[in-house]
Amino acid sequence: MTHHDPAARDASSWLADTRTSYDTDAVGYAEKVQGILETFPHLRAQLDVFAELIRCAGGGPVADVGCGTGYATRYLHDSGIEAFGIDLSPKLVAIAQRDHPDLRFEVGSMTNLDMDAHSAAGIVAFWSTIHIPDYAMSGVIAELHRVLRPEGLVLVGFHVGDGIEHAATGYTKQPINIDTHLRQPSTMSNRLHDAGFRIESTSVFRPDDVVPGAIIVARKRG
Ligand SMILES: C[S@@+](CC[C@H](N)C(=O)[O-])C[C@H]1O[C@@H](n2cnc3c(N)ncnc32)[C@H](O)[C@@H]1O
């Protein structure tokens, strides 16, 4: 990955490029994330807390938005949560559906969800808003806010840092064209707060790594 000039990318093409890139690299991505929850107990713990918060709020549907291969959808479902997955990449949705035939997966974009207002008890965005450019983030957060019921919960996992990393080659060595937007936890929580959420928790993982991970859990103000 290399840092690049965000102005170099056509503002209208990032969504199509993200979809095509994950379609191209779906098999490689699936191999990369295989067993990830077993390897990272911190991630499991975050999903456990989220599931508990959903249960305490009376349960209800939880959308795993940008679900990829569906491992988080699976984990939440097995924790007793009514979870389903949505992803931009039809190839990843096909892999998720193949690997978890008892769960529901749909192709869709967090920029414009095919969900009714106030219909979800929770939204999980596990390392998926990382592909949303800054200028589109307020629209995405507003969309998550729209579909959540009052006091509904959102979990956002993202890479910590500043700027944009560009990838031109996928895990399967095929050409891709995808940007990953690094963000500071304070920037993300401010965005959520300004959009009508109350922050429940912020966790940073491996802060000494070159690119740490962060998870923010927030609640839609009722
Ligand atoms: C880094 S992967 C994370 C996948 C999965 N949540 C995981 O933790 O392995 C990013 C995922 O977000 C999806 N994605 C990117 N932009 C999206 C959008 N606008 N709407 C829905 N999904 C999106 C990609 O197709 C990809 O599956």
Side-chain angles (χ1 to χ4, degrees), residues 1 9 11-40 42-44 46-47 50 62-77 83-100 103-115 120 122-144 146-147 154-161 164-167 170-172 176-183 205 211 213-216:
M1 286 199 176
R9 179 188 282 278
S12 64
S13 68
W14 56 271
L15 203 57
D17 287 341
T18 303
R19 180 192 293 113
T20 306
S21 297
Y22 272 101
D23 273 354
T24 302
D25 209 26
V27 171
Y29 188 76
E31 269 173 31
K32 183 201 169 237
V33 298
Q34 178 93 38
I36 194 163
L37 287 184
E38 287 75 42
T39 320
F40 289 106
H42 288 297
L43 300 187
R44 283 205 310 275
Q46 290 291 315
L47 292 174
F50 190 75
V62 170
D64 180 6
V65 174
C67 61
T69 60
Y71 68 80
T73 326
R74 169 95 263 155
Y75 189 83
L76 290 167
H77 171 87
F84 64 100
I86 296 170
D87 199 278
L88 186 63
S89 158
K91 289 271 168 52
L92 277 172
V93 167
I95 288 174
Q97 199 68 77
R98 179 200 68 196
D99 291 350
H100 310 287
L103 304 185
R104 177 160 66 93
F105 296 97
E106 291 165 11
V107 176
S109 174
M110 67 181 88
T111 52
N112 183 18
L113 290 166
D114 186 14
M115 291 171 66
I123 300 273
V124 168
F126 226 37
W127 284 272
S128 50
T129 60
I130 60 173
H131 300 305
I132 305 292
D134 278 347
Y135 79 86
M137 269 302 281
S138 52
V140 163
I141 292 175
E143 185 62 352
L144 305 184
R146 179 186 71 81
V147 303
V154 64
L155 179 156
V156 187
F158 56 100
H159 298 310
V160 176
I164 303 170
E165 292 183 339
H166 181 70
Y171 296 106
T172 49
I176 59 171
N177 180 15
I178 196 166
D179 286 341
T180 295
H181 300 262
L182 310 184
R183 296 189 166 105
F205 308 100
V211 180
I215 289 182
I216 294 180

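Residue numbers count from 1 along this sequence. Predicted model only: the values in this text are computed from it and were never measured. Whatever order the structure lists ligands and atoms in, that order sets their numbers, starting from 1.
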**Student:** Closest non-hydrogen protein atom to atom 20 (N) of ligand 1, residue and atom name please, with distance?
**Tutor:**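 Protein heavy atom at minimum distance: Met110 N, 2.9 Å.
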**Student:** I would like to know whether Leu144 and Leu113 meet side-chain contact (heavy atoms from CB on, under 4.5 Å); could you show each step before the answer?
**Tutor:** CA-CA 8 Å; Leu144 305 184; Leu113 290 166; 4.1 Å; yes
**Student:** How close does the nearest protein non-hydrogen atom get to atom 14 (N) of ligand 1, and which residue and atom is it?
**Tutor:**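 I find the closest protein heavy atom is Leu88 CB, 4.0 Å.
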**Student:** Are any of the N or O atoms of Asp87 closer than 3.5 Å to those of ligand 1?
**Tutor:**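 By distance alone, the answer is yes.
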**Student:** As a quick check of understanding, evaluate side-chain contact (heavy atoms from CB on, under 4.5 Å) for Asn177 and Thr20, giving each step before the final call.
**Tutor:** CA-CA 8 Å; Asn177 180 15; Thr20 306; over 6 Å; no
**Student:** Please identify which atoms of ligand 1 are closer than 4.0 Å to at least one heavy atom of Val33.
**Tutor:**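 Taking each heavy atom of Val33 in turn, ligand 1 has 9 (O) under 4.0 Å.
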**Student:** Does Phe126 reach ligand 1 with a nitrogen or oxygen that is under 3.5 Å from one of the ligand's nitrogen or oxygen atoms?
**Tutor:**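 Yes.
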**Student:** Is Asp25 paired with Lys91 through a side-chain N to carboxylate O contact shorter than 4.0 Å?
**Tutor:**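 Looking at Asp25 together with Lys91, the answer is no, because their closest N to O distance does not fall below 4.0 Å.
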**Student:** Considering only non-hydrogen protein atoms, determine which one is nearest to atom 3 (C) of ligand 1 and report residue, atom name and distance to 0.1 Å.
**Tutor:**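 Minimum-distance protein heavy atom for atom 3 (C) of ligand 1 reads Tyr29 OH, 3.1 Å.
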**Student:** Which label fits Tyr135 and Trp14: parallel for a plane angle under 30°, tilted from 30 to 60°, or perpendicular past 60°?
**Tutor:**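 Because their plane-to-plane angle is over 60°, the rings of Tyr135 and Trp14 count as perpendicular.
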**Student:** Which ligand 1 atoms, with their elements, are less than 4.0 angstrom from a heavy-atom of Leu15?
**Tutor:**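 The atoms of ligand 1 under 4.0 Å from a heavy atom of Leu15 are 19 (N).
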**Student:** Decide side-chain contact (heavy atoms from CB on, under 4.5 Å) for Ile215 and Trp127; before the verdict, give the C-alpha distance in whole Å, the side-chain angles of both, and the deciding distance to 0.1 Å.
**Tutor:** CA-CA 9 Å; Ile215 289 182; Trp127 284 272; 3.8 Å; yes
**Student:** Under the 3.5 angstrom rule, does the side chain of Asp17 hit a backbone N or O of Ile178 as a donor-acceptor pair?
**Tutor:**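 Answer holds: no.
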**Student:** Just checking, any donor-acceptor pair under 3.5 angstrom between side chains of Asp23 and Ser89?
**Tutor:**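 A donor-acceptor contact under 3.5 Å links the two side chains.
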**Student:** Tell me which protein heavy atom sits closest to atom 15 (C) of ligand 1, plus the residue, atom name and distance to 0.1 Å.
**Tutor:**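 Closest protein heavy atom to atom 15 (C) of ligand 1: Thr18 CG2, 3.7 Å.
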**Student:** What residue and atom, counting heavy atoms only, is the protein's closest point to atom 5 (C) of ligand 1, and at what distance?
**Tutor:**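 Here the closest protein heavy atom is Gly66 O, 3.4 Å.
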**Student:** Does only the side chain of Cys67 get under 4.0 Å from ligand 1, or the backbone, or both, or neither? Count heavy atoms.
**Tutor:**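 Answer for Cys67: backbone.
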**Student:** I'd like to check whether Leu92 has a polar contact with ligand 1, where a contact means an N/O of the residue lying under 3.5 Å from an N/O of the ligand.
**Tutor:**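 No, Leu92 has no N/O under 3.5 Å of an N/O on ligand 1.
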**Student:** Among all protein heavy atoms, pick the one closest to atom 10 (C) of ligand 1 and tell me residue, atom and distance.
**Tutor:**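 Here the closest protein heavy atom is Trp127 O, 3.2 Å.
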**Student:** If you measure every N/O of Ser109 against every N/O of ligand 1, is any gap under 3.5 Å?
**Tutor:**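 Between Ser109 and ligand 1, an N or O pair is found under 3.5 Å apart.
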**Student:** Using atom types as modelled and distance alone, determine if a side-chain donor or acceptor of His131 lies under 3.5 Å from a backbone N or O of Asp179.
**Tutor:**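 Yes, His131 side chain to Asp179 backbone: donor-acceptor pair under 3.5 Å.
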**Student:** Output yes when a side-chain donor or acceptor of Arg74 lies under 3.5 Å from a complementary backbone atom of Asp99, and no otherwise.
**Tutor:**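 Side chain of Arg74 to backbone of Asp99: no pair is present.
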**Student:** Output side-chain donor-acceptor pairs under 3.5 Å for residues 103-111, partner residues at least two apart or in another chain, one line each.
**Tutor:**
unit_1	atom_1	unit_2	atom_2	d
Arg104	NH1	Glu106	OE2	2.5
Ser109	OG	Thr111	N	3.1
Ser109	OG	Thr111	OG1	2.5

**Student:** Show me which atoms of ligand 1 lie under 4.0 Å from any heavy atom of Gly108.
**Tutor:**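 Matching atoms, with element in brackets: 20 (N), 21 (C).
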**Student:** For atom 8 (O) of ligand 1, what's the nearest protein heavy atom and its distance?
**Tutor:**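 Protein heavy atom at minimum distance: Tyr71 OH, 2.6 Å.
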**Student:** For atom 12 (O) of ligand 1, what's the nearest protein heavy atom and its distance?
**Tutor:**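 Going by distance alone, atom 12 (O) of ligand 1 is nearest to Ser128 CB, 3.3 Å.
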**Student:** How many angstroms lie between CD1 in Ile95 and CD in Glu31, if you round to the nearest 0.5 Å?
**Tutor:**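 With rounding to 0.5 Å, CD1 (Ile95) is 9.5 Å from CD (Glu31).
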**Student:** Does even one non-hydrogen atom of Gly157 get within less than 4.0 Å of ligand 1?
**Tutor:**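 For ligand 1, residue contact (heavy atoms, under 4.0 Å) with Gly157 is absent.
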